[in-house]
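Okay, so here's the structure we're looking at.
As a basis for the values below, the full set of heavy atoms in this structure was taken, side chains included, without hydrogen atoms, waters or symmetry mates. In this text the structure is predicted, and so the values were computed from the model without any measurement. We count ligands from 1, going down the list as the structure has it; atoms in each ligand are counted the same way.
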Amino acid sequence: MKFFLDTANLDELKKGARWGMVDGVTTNPSLIAKEGRPIEEQVRLICDIVDGDISAEVVSTEISAMVQEGKGLARIHKNVVVKCPLTRDGIEATAALSKEGIRVNVTLCFSPGQALLAAKAGAYIVSPFVGRVDDIGWVGMDLVRSIIQIYKNYGFKTQVLAASMRSPTHVLESALAGAHIATMPFKVLDMLFNHPLTDKGLEQFLKDWAKVFQETPAGR
Ligand code: E4P
(Lines give C-alpha, C1' and ligand atoms only; values in the text may rest on other atoms or scores of the structure.)
Protein backbone atom coordinates (compact mmCIF):
# COMPACT_ATOMS: atom_id res chain seq x y z
CA MET A 1 0.00 0.00 0.00
CA LYS A 2 1.28 3.44 -0.85
CA PHE A 3 1.21 6.23 1.73
CA PHE A 4 0.58 9.72 0.42
CA LEU A 5 0.61 12.86 2.55
CA ASP A 6 -2.45 15.05 2.17
CA THR A 7 -0.69 18.36 2.62
CA ALA A 8 1.10 21.11 0.75
CA ASN A 9 3.16 22.04 3.80
CA LEU A 10 6.86 21.67 3.07
CA ASP A 11 7.97 21.07 6.67
CA GLU A 12 5.48 18.23 7.06
CA LEU A 13 6.57 16.73 3.75
CA LYS A 14 10.26 16.96 4.67
CA LYS A 15 9.65 15.22 8.00
CA GLY A 16 7.52 12.46 6.45
CA ALA A 17 10.10 11.99 3.69
CA ARG A 18 12.90 11.66 6.26
CA TRP A 19 10.93 8.80 7.83
CA GLY A 20 10.82 7.20 4.36
CA MET A 21 7.02 7.05 4.54
CA VAL A 22 5.92 9.35 1.74
CA ASP A 23 5.25 7.68 -1.61
CA GLY A 24 3.35 10.63 -3.01
CA VAL A 25 1.38 13.78 -2.18
CA THR A 26 -2.18 14.97 -2.64
CA THR A 27 -3.02 18.63 -2.60
CA ASN A 28 -6.29 20.43 -3.14
CA PRO A 29 -7.14 24.12 -3.58
CA SER A 30 -7.72 24.56 0.18
CA LEU A 31 -4.34 23.01 1.07
CA ILE A 32 -2.46 25.07 -1.55
CA ALA A 33 -4.19 28.28 -0.47
CA LYS A 34 -3.16 27.61 3.15
CA GLU A 35 0.53 27.80 2.15
CA GLY A 36 0.10 31.15 0.34
CA ARG A 37 2.31 30.54 -2.73
CA PRO A 38 1.12 30.28 -6.35
CA ILE A 39 0.31 26.65 -7.19
CA GLU A 40 3.10 26.26 -9.79
CA GLU A 41 5.72 27.37 -7.28
CA GLN A 42 4.34 25.29 -4.40
CA VAL A 43 4.01 22.14 -6.52
CA ARG A 44 7.57 22.54 -7.84
CA LEU A 45 8.86 22.80 -4.25
CA ILE A 46 6.87 19.68 -3.31
CA CYS A 47 8.36 17.79 -6.28
CA ASP A 48 11.83 18.64 -4.98
CA ILE A 49 11.03 16.88 -1.70
CA VAL A 50 8.99 13.85 -2.77
CA ASP A 51 9.74 11.65 -5.77
CA GLY A 52 6.29 10.19 -6.43
CA ASP A 53 2.86 11.09 -7.73
CA ILE A 54 1.96 14.67 -6.76
CA SER A 55 -1.70 15.58 -7.28
CA ALA A 56 -2.47 19.17 -8.25
CA GLU A 57 -6.10 20.17 -8.69
CA VAL A 58 -7.70 22.35 -11.35
CA VAL A 59 -9.91 25.19 -10.16
CA SER A 60 -11.70 25.73 -13.48
CA THR A 61 -15.15 24.22 -13.69
CA GLU A 62 -15.84 24.26 -17.41
CA ILE A 63 -14.51 21.55 -19.74
CA SER A 64 -12.17 23.44 -22.07
CA ALA A 65 -10.75 25.59 -19.26
CA MET A 66 -10.21 22.46 -17.16
CA VAL A 67 -8.33 20.72 -19.95
CA GLN A 68 -6.17 23.76 -20.58
CA GLU A 69 -5.45 24.22 -16.87
CA GLY A 70 -4.76 20.49 -16.48
CA LYS A 71 -2.20 20.59 -19.29
CA GLY A 72 -0.51 23.54 -17.61
CA LEU A 73 -0.33 21.70 -14.27
CA ALA A 74 1.06 18.57 -15.95
CA ARG A 75 3.86 20.68 -17.45
CA ILE A 76 5.13 21.72 -13.99
CA HIS A 77 6.84 18.34 -13.41
CA LYS A 78 6.70 14.81 -14.78
CA ASN A 79 5.34 13.52 -11.44
CA VAL A 80 2.28 15.77 -11.45
CA VAL A 81 -1.07 14.02 -11.55
CA VAL A 82 -3.90 16.37 -12.51
CA LYS A 83 -6.86 16.34 -10.16
CA CYS A 84 -10.34 16.88 -11.63
CA PRO A 85 -13.57 16.97 -9.63
CA LEU A 86 -16.24 14.34 -10.23
CA THR A 87 -18.60 16.57 -12.17
CA ARG A 88 -19.87 16.11 -15.71
CA ASP A 89 -17.25 18.53 -17.04
CA GLY A 90 -14.63 17.00 -14.76
CA ILE A 91 -15.26 13.52 -16.16
CA GLU A 92 -15.17 14.85 -19.73
CA ALA A 93 -11.89 16.61 -18.95
CA THR A 94 -10.56 13.39 -17.38
CA ALA A 95 -11.26 11.49 -20.60
CA ALA A 96 -9.69 14.21 -22.75
CA LEU A 97 -6.54 14.52 -20.60
CA SER A 98 -6.19 10.74 -20.23
CA LYS A 99 -6.37 10.31 -24.01
CA GLU A 100 -3.37 12.66 -24.25
CA GLY A 101 -1.41 10.56 -21.74
CA ILE A 102 -1.93 12.95 -18.80
CA ARG A 103 -2.66 11.07 -15.59
CA VAL A 104 -5.80 12.18 -13.76
CA ASN A 105 -6.90 11.75 -10.14
CA VAL A 106 -10.68 12.09 -10.03
CA THR A 107 -11.51 13.71 -6.73
CA LEU A 108 -14.62 14.32 -4.60
CA CYS A 109 -15.95 10.81 -5.19
CA PHE A 110 -18.79 9.92 -2.84
CA SER A 111 -20.54 6.95 -4.48
CA PRO A 112 -19.58 3.70 -6.22
CA GLY A 113 -21.53 4.85 -9.28
CA GLN A 114 -19.38 7.97 -9.51
CA ALA A 115 -16.28 5.76 -9.21
CA LEU A 116 -17.49 3.72 -12.18
CA LEU A 117 -17.71 6.94 -14.23
CA ALA A 118 -14.13 7.83 -13.27
CA ALA A 119 -12.82 4.41 -14.29
CA LYS A 120 -14.70 4.45 -17.58
CA ALA A 121 -13.23 7.89 -18.33
CA GLY A 122 -9.74 6.39 -17.94
CA ALA A 123 -8.80 7.93 -14.59
CA TYR A 124 -5.39 6.95 -13.21
CA ILE A 125 -6.69 7.37 -9.64
CA VAL A 126 -10.09 7.78 -8.01
CA SER A 127 -10.37 9.44 -4.60
CA PRO A 128 -13.27 8.35 -2.37
CA PHE A 129 -13.51 10.71 0.63
CA VAL A 130 -13.99 8.43 3.64
CA GLY A 131 -14.04 10.99 6.46
CA ARG A 132 -16.51 13.31 4.77
CA VAL A 133 -18.91 10.39 4.24
CA ASP A 134 -18.56 9.46 7.94
CA ASP A 135 -19.30 13.11 8.75
CA ILE A 136 -22.82 12.78 7.32
CA GLY A 137 -23.52 9.63 9.30
CA TRP A 138 -22.79 7.02 6.60
CA VAL A 139 -19.95 4.50 6.63
CA GLY A 140 -17.17 5.92 4.46
CA MET A 141 -15.21 2.69 4.36
CA ASP A 142 -18.14 0.89 2.68
CA LEU A 143 -17.54 3.22 -0.26
CA VAL A 144 -13.90 2.12 -0.55
CA ARG A 145 -14.87 -1.56 -0.26
CA SER A 146 -17.57 -1.27 -2.93
CA ILE A 147 -15.30 0.54 -5.39
CA ILE A 148 -12.54 -2.04 -4.98
CA GLN A 149 -15.01 -4.89 -5.57
CA ILE A 150 -16.52 -3.22 -8.65
CA TYR A 151 -13.10 -2.45 -10.16
CA LYS A 152 -12.04 -6.07 -9.52
CA ASN A 153 -15.19 -7.39 -11.21
CA TYR A 154 -14.32 -5.62 -14.44
CA GLY A 155 -10.53 -5.40 -14.26
CA PHE A 156 -10.42 -1.59 -14.21
CA LYS A 157 -6.84 -0.34 -13.79
CA THR A 158 -7.83 2.87 -11.96
CA GLN A 159 -6.14 2.97 -8.54
CA VAL A 160 -8.29 3.49 -5.47
CA LEU A 161 -6.92 6.22 -3.22
CA ALA A 162 -8.64 6.32 0.16
CA ALA A 163 -8.86 10.04 0.96
CA SER A 164 -10.14 12.18 3.80
CA MET A 165 -8.46 9.92 6.36
CA ARG A 166 -9.09 11.16 9.87
CA SER A 167 -7.43 8.44 11.99
CA PRO A 168 -4.98 5.53 11.94
CA THR A 169 -8.04 3.24 11.98
CA HIS A 170 -9.13 4.70 8.65
CA VAL A 171 -5.70 3.88 7.19
CA LEU A 172 -5.79 0.35 8.59
CA GLU A 173 -9.30 -0.34 7.32
CA SER A 174 -8.34 1.00 3.88
CA ALA A 175 -5.40 -1.41 3.86
CA LEU A 176 -7.66 -4.30 4.88
CA ALA A 177 -10.07 -3.33 2.09
CA GLY A 178 -7.19 -3.40 -0.41
CA ALA A 179 -6.97 0.30 -1.32
CA HIS A 180 -3.90 0.94 -3.47
CA ILE A 181 -3.14 4.23 -1.70
CA ALA A 182 -4.15 6.04 1.48
CA THR A 183 -3.61 9.77 1.65
CA MET A 184 -3.48 11.22 5.14
CA PRO A 185 -2.72 14.44 6.97
CA PHE A 186 0.71 14.48 8.63
CA LYS A 187 -1.00 14.17 12.03
CA VAL A 188 -2.46 10.77 11.06
CA LEU A 189 0.89 9.47 9.76
CA ASP A 190 2.48 10.58 13.04
CA MET A 191 -0.24 8.83 15.08
CA LEU A 192 0.43 5.53 13.28
CA PHE A 193 3.69 5.25 15.26
CA ASN A 194 2.00 5.41 18.65
CA HIS A 195 1.52 2.45 20.94
CA PRO A 196 1.59 2.65 24.77
CA LEU A 197 3.23 -0.80 25.00
CA THR A 198 6.10 0.39 22.79
CA ASP A 199 6.68 3.34 25.14
CA LYS A 200 6.32 1.20 28.25
CA GLY A 201 8.58 -1.55 26.89
CA LEU A 202 11.30 0.89 25.86
CA GLU A 203 11.20 2.62 29.23
CA GLN A 204 11.71 -0.74 30.99
CA PHE A 205 14.56 -1.79 28.65
CA LEU A 206 16.39 1.48 29.32
CA LYS A 207 15.86 1.23 33.09
CA ASP A 208 17.21 -2.35 33.16
CA TRP A 209 20.20 -1.29 31.06
CA ALA A 210 20.98 1.72 33.25
CA LYS A 211 20.87 -0.39 36.44
CA VAL A 212 23.90 -2.33 35.20
CA PHE A 213 25.70 -0.10 32.72
CA GLN A 214 24.73 3.33 34.15
CA GLU A 215 24.88 5.23 30.85
CA THR A 216 23.90 4.74 27.24
CA PRO A 217 27.10 4.30 25.15
CA ALA A 218 27.84 7.38 23.04
CA GLY A 219 26.80 7.11 19.44
CA ARG A 220 24.05 4.55 20.11
C1 E4P B 1 -7.85 14.24 -1.09
O2 E4P B 1 -7.08 14.25 -2.03
C3 E4P B 1 -8.28 15.43 -0.35
O4 E4P B 1 -7.30 16.42 -0.43
C5 E4P B 1 -8.47 15.16 1.12
O6 E4P B 1 -8.23 13.83 1.49
C7 E4P B 1 -9.64 15.80 1.75
O8 E4P B 1 -9.66 15.50 3.12
P9 E4P B 1 -10.54 16.31 4.16
O10 E4P B 1 -11.93 15.78 4.09
O11 E4P B 1 -9.91 16.00 5.48
O12 E4P B 1 -10.45 17.75 3.79
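Checked for salt-bridge contact, D190 and K187 miss the test: no charged N lies under 4.0 Å from a carboxylate O. Residues R132 and D135 are not paired through a salt bridge, judged by the lack of any N-O separation under 4.0 Å between the basic side chain and the carboxylate. Using a 4.0 Å cut-off between charged side-chain N and carboxylate O, E203 and K207 make a salt bridge.
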Chi angles and distances behind the side-chain contact (heavy atoms from CB on, under 4.5 Å) call for Q159, Y151: CA-CA 9 Å; Q159 297 178 78; Y151 282 8; over 6 Å; no
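Below 3.5 Å of separation, one finds an N or O of D6 facing an N or O of ligand 1.
Here is the list of ligand 1 atoms found below 4.0 Å of a heavy atom in A163: 1 (C), 6 (O). Taking every heavy atom of R132 and a limit of under 4.0 angstrom, the matching atoms of ligand 1 come to 7 (C), 9 (P), 10 (O), 12 (O). The contact set between ligand 1 and N28, taken as ligand atoms under 4.0 Å from a residue heavy atom, comprises 3 (C), 4 (O).
The protein heavy atom nearest to atom 8 (O) of ligand 1 is S164 CA, 3.4 Å.
In summary, the side chains of D53 and N79 do not present any donor paired with an acceptor at a separation below 3.5 Å, with no hydrogens or angles considered.
For R166, the heavy-atom gap to ligand 1 drops under 4.0 angstrom. Using a non-hydrogen distance threshold of 4.0 Å, K83 registers as a contact of ligand 1. In this structure, T107 has no heavy atom closer than 4.0 Å to ligand 1.
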